[in-house]
Number of protein chains: 2
Amino acid sequence: MNISEAAKLSGLSAKTIRYYESIELLSQPRRAGNGYRSYHHGDIKTLCFLRQARQFGFNIAQCRLLLGLYKNPQRRSGEVHQLVSDKLEEVDAHIRELGETRDLLASLVGACSNNDEPDCAIIDSLADPREQVESQCLTENDR
Amino acid sequence: MNISEAAKLSGLSAKTIRYYESIELLSQPRRAGNGYRSYHHGDIKTLCFLRQARQFGFNIAQCRLLLGLYKNPQRRSGEVHQLVSDKLEEVDAHIRELGETRDLLASLVGACSNNDEPDCAIIDSLADPREQVESQCLTENDR
DNA sequence: CTAAGCCTTACAGCAAGAGGAAGGTCAAGA
DNA sequence: TCTTGACCTTCCTCTTGCTGTAAGGCTTAG
């Protein structure tokens, strides 16, 4: 099948498939007589694997590792497990961080008088140099 | 004061300050006789404003809007409120999405036998083309 | 014969800076 | 006075993960 069919089945775009090939994340596919790329069932599974790994937040380097394990019949499942649980922790940390950001945003939203007057607690708070000092001291002390 | 002092006080890097100037997010600062950029108290507040806005997840275009409101004594606080509550919603949506990703990752981690054998439920699941069909149908139906 | 709809390669550009080269300036110490 | 180190300047390239576009070739239907 041609690249657009492979794209449809895998959920990646044709552009993305060619890009993965260009950075050697994917190996060169077979070519039909006219030079068109030709994909088969196993290729589609690989493409799906990459799409899902990317959706889970693995970057290209990590996808390379995962793909190596996928292709390796002698892999140890413990290695896969490690990569995935590391990612889980990373996502958890990101969620916590975003949660703090959300809470701060919510407190800004609550403090603003939200009318036609120029006075605005949000503006005041954003421009306040002190908003940074504490957290900077904290991170410095952390080290 | 010179740029590195302004950087320290604002929490931005000197690189970033120059970059903001190059994209005209910041106006040209005064220059000392030797050509060095020279910053004063009001500049520091502006820099802090930008640092905080970026930390809250506003992109450069949004920072431009916010900065316009900051500099405008005739602003209506309602406009600021709108921008910030939109961002709050955006962050909320992002958190929900990441939450789903985390749950899926956690289920993968739980399903893996995590040992020296090659059999791995994670690998199988990632390569499974069906994992995509439902969500794709959903998004298509949504339109 | 032509038009649409595929396919190919190759180059440019996006955000939001970080890193580094090459050179000018300034203040302190030998 | 000379040097050394820490600043500062501009300019250029690199990053990540693609997406857009140009210019051209193949295929199939009317």
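Each chain gets a letter, A, B and so on, in the order the sequences are listed, and its residues count up from 1.
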To the nearest angstrom, the CD-P distance between A:Gln62 and D:dG17 comes to 9 Å
Result for 5'-nearest mapping on DNA chain C, choosing between B:Phe58 and B:Gly33, is B:Phe58
| A:Cys48 versus A:Arg51: any side-chain heavy-atom pair under 4.5 Å? | yes
Between A:Ile60 and B:Arg31, whichever has its closest DNA chain D nucleotide further toward 5' is B:Arg31
Of the candidates D:dT9, C:dT9, C:dG17, the side chain of B:Arg37 sits closest to D:dT9
Rounded to whole Å, OH of A:Tyr39 lies from P of C:dC7 at a distance of 10 Å
Judged by nearest nucleotide, the residue sitting upstream toward the 5' end of DNA chain C, B:Ala61 or B:Asn34, is B:Ala61
Considering only heavy side-chain atoms of A:Ile3, the closest of C:dG17, C:dT8, D:dC8 is C:dT8
- [ ] Using only heavy-atom distances, decide whether a donor-acceptor pair under 3.5 angstrom links the side-chain of A:Lys15 to the base of D:dG17.
- [x] no
From OH of A:Tyr19 across to C1' of D:dG17 the rounded distance in Å is 5 Å
With the side chain defined as heavy atoms from C-beta on, A:Ser13 is closest, among D:dG17, D:dT19, C:dT8, to D:dT19
Open item on the list: Donor-acceptor check, side chain of B:Gln52 to backbone of A:Ser125, threshold 3.5 angstrom: yes or no?
Closed with: yes
Notebook entry, point to check: Just checking B:Ile23: base, sugar-phosphate only, or nothing, at a heavy-atom cut-off of under 4.0 Å?
Noted result: nothing
Ranking D:dT10, C:dT9, C:dG17 by distance to the side chain of A:Arg18, first place goes to C:dT9
Whole-Å distance, B:Glu21 CD to D:dC8 P, equals 14 Å
*hbond_proxy B:Tyr36 side chain to C:dG24 base (donor-acceptor, 3.5 Å cutoff)*: yes
